[in-house]
Amino acid sequence: MNNLESVTYNQFEQDSPKYKLYQEAIGKALEDNPEFTVVMVVGAGRGPIVRAALCAAAKLNRKLKVFALDKNKNAIATLMNLKQTEWSQLDVSVVEKDMREWEPPVKAHLVVSELLGGFGDNELEPECLAHINRLLTEGGLSIPCKSTSYLSPVASQRNWVNAVKLQNKLEQPYVCKLHNAYMPHSPSPVFSFEYPSENSFSKFCSLRFSLSGPLTLHGFGGYFESQLYKDVKLSTVPSTHSTDMCSWFPMYFPIKEPLFGTQGEVEVNVWRCNQQGKVWYEWEMSIVEEELKVATSGVHNINGLQHWIGLYT
């Protein structure tokens, strides 16, 4: 989507704890690397991360050259206004361009982005940040430097009814609050991507969770943890959730029919597929007893027929 609505930006920008973490991460990276002077904020939106970078530099009494890059015309208008007012005495360049196509006049020491979705990589962060090596100087850094998705089986009749019966989303994940939900286990890691690096975009993960008693499962919930810099992290994983952060809800992956199990294990298989300009997930949940599948949901969203994300939209 090239042009987000103003209300969407408003929601993002109200999450001050998130931007405080970005400011902390940028500040630590600058402090550890006194030679860093050029910062690129890719997907700058209406400027909260640009502001975080400038504040971090001011606290260290450092001068930065900052590029604020976005392809959204609505965001560019706001950035241009900020450049002429709040940032008029600072070295900020506003660039209306897709980061995948932009040829920068200079290389950056630090590339900062906020491209995460509820399941971590579902907003195509890996595909977008695959291009940052050509933006960075040798020894340059990315914030974030690593993102990992997590999942846990979930029992939630309310969310399942909403997904399957009301919204007819039989094979489509969606972002939501998990109401009246029970997770029998803490979420486990699924897919990890590091930046900058040569990531494989298509991945597969199989996870097992033990069953300790009768339970009806309705799919699984997806979360993420993103390492911004060293020990500074963003997390939506319940046990490590970043304090007061509100930008992301979990991603719910429903199954067409609930699965009932009493013993053994729950097996969850997830595929992240990238082909022909599209990215999608396929998933399967099974009840396994003594290494035999006694019940299975079948594979959902085969070949992305029900849901996919376009690489060039």
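Note that the structure is predicted; figures quoted are calculated from it, not measured.
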Less than 4.0 angstrom from a charged side-chain N to a carboxylate O is my criterion; do Lys293 and Glu284 meet it?
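The answer is yes: the pair qualifies as a salt bridge.
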Salt bridge present between Arg208 and Glu291 (N-O < 4.0 angstrom):
yes
Any [X] side-chain heavy atom under 4.5 Å of [Y] side chain:
X: Leu90; Y: Val66; result: no
X: Tyr19; Y: Glu114; result: yes
X: Val41; Y: Leu69; result: no
X: Leu207; Y: Glu267; result: no
X: Pro104; Y: Met40; result: yes
X: Val39; Y: Val112; result: yes
X: Met245; Y: Ser235; result: no
X: Ser242; Y: Leu21; result: yes

For Trp87, the ring pair (Phe, Tyr, Trp, His ring centres under 6.0 Å) test, sequence neighbours excluded, returns none
With sequence neighbours excluded, what pairs up with Phe204 under the ring pair (Phe, Tyr, Trp, His ring centres under 6.0 Å) test?
Trp271
Could you check whether the rings of His185 and Phe209 sit parallel, tilted or perpendicular, using 30° and 60° as the cut-offs?
tilted
Might you work through the side chain to side chain contact (heavy atoms under 4.5 Å, CB included) test for Tyr252 and Leu178, ending with a clear yes or no?
CA-CA 8 Å; Tyr252 173 52; Leu178 290 174; 4.1 Å; yes
So, does [X] use its side chain to make a donor-acceptor pair with the main chain of [Y] at under 3.5 Å?
X: Trp283; Y: Pro254; value: yes
X: Lys83; Y: Val92; value: yes
X: Asn33; Y: Leu30; value: no
X: Asp15; Y: Cys246; value: yes
X: Arg62; Y: Phe36; value: yes
X: Asn81; Y: Ala77; value: no
X: His300; Y: Gly298; value: yes
X: Ser113; Y: Leu115; value: no
X: Ser226; Y: Leu234; value: no
X: Lys177; Y: Phe249; value: no

Just do the side chain to side chain donor-acceptor pair (under 3.5 Å) check on Lys65 and Ser93 with the steps written out, would you?
CA-CA 8 Å; Lys65 168 65 178 175; Ser93 296; 2.4 Å; yes
Should the heavy atoms of other residues, nucleotides or ligands under 6.0 Å from [atom1] of [X] be counted, would the total exceed 12?
X: Glu35; atom1: CD; result: yes
X: Lys28; atom1: NZ; result: yes
X: Glu290; atom1: CD; result: no
X: Lys59; atom1: NZ; result: no

I need the minimum non-hydrogen distance between [X] and [Y], along with the two atoms involved.
X: Ala155; Y: Leu215; answer: CB-CD1, 4.2 Å
X: Gly27; Y: Leu60; answer: O-CD1, 3.5 Å
X: Val50; Y: Ala44; answer: CG2-CB, 4.1 Å
X: Met99; Y: Ile132; answer: CE-CG2, 3.7 Å
X: Trp102; Y: Val95; answer: NE1-CG1, 3.6 Å
X: Leu211; Y: Gln263; answer: CD1-O, 3.5 Å

Approximate separation, where rounding is to 0.5 Å, of [X] [atom1] and [Y] [atom2]:
X: Ile255; Y: Leu217; atom1: CD1; atom2: CG; value: 6.5 Å
X: Lys233; Y: Phe224; atom1: NZ; atom2: CZ; value: 13.0 Å
X: Asn303; Y: Trp280; atom1: CG; atom2: CH2; value: 6.0 Å
X: Arg272; Y: Phe201; atom1: CZ; atom2: CZ; value: 8.0 Å
X: Lys18; Y: Asp244; atom1: NZ; atom2: CG; value: 14.0 Å
X: Leu129; Y: Cys145; atom1: CG; atom2: SG; value: 11.5 Å

Could you check whether [Y] and [X], counting side-chain N and O atoms only, form a donor-acceptor pair closer than 3.5 Å?
X: Glu257; Y: Ser297; answer: no
X: Ser206; Y: Asn269; answer: yes
X: Glu225; Y: Ser147; answer: no
X: Asn133; Y: Tyr195; answer: no
X: Gln157; Y: His218; answer: yes
X: Asn301; Y: Gln172; answer: no
X: Tyr229; Y: Asp32; answer: yes

Let me see the working for Tyr22 and Leu228 under side chain to side chain contact (heavy atoms under 4.5 Å, CB included), right down to the final yes or no.
CA-CA 7 Å; Tyr22 267 97; Leu228 297 182; 4.0 Å; yes
Under the 6.0 Å and 45° cation-pi test, does Lys97 pair with Phe67?
no
Evaluate side chain to side chain contact (heavy atoms under 4.5 Å, CB included) for Val266 paired with Ile287, printing each intermediate quantity in order.
CA-CA 5 Å; Val266 180; Ile287 305 296; 4.2 Å; yes
Going through the checks in order, is the side chain to side chain contact (heavy atoms under 4.5 Å, CB included) test met by Val38 and Leu64?
CA-CA 6 Å; Val38 181; Leu64 293 180; over 6 Å; no
Members besides Val288 in its Ile/Leu/Val/Met/Phe/Trp/Tyr cluster (side-chain heavy atoms under 4.5 Å):
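Taking Ile, Leu, Val, Met, Phe, Trp and Tyr as members, Val288 stands alone, with no cluster partners.
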Could you walk me through whether Tyr223 and Trp248 pass the ring-ring contact (aromatic ring centres under 6.0 Å, His included) check?
CA-CA 9 Å; Tyr223 308 86; Trp248 296 277; over 10 Å; no
Run the side chain to side chain donor-acceptor pair (under 3.5 Å) test on Glu127 and Asn274 for me, step by step, so that the C-alpha distance in whole Å, both residues' side-chain angles and the decisive distance to 0.1 Å come before the verdict.
CA-CA 9 Å; Glu127 285 78 8; Asn274 179 315; 2.9 Å; yes
Are Tyr281 and Phe119 close enough that their ring centres sit under 6.0 Å apart?
yes
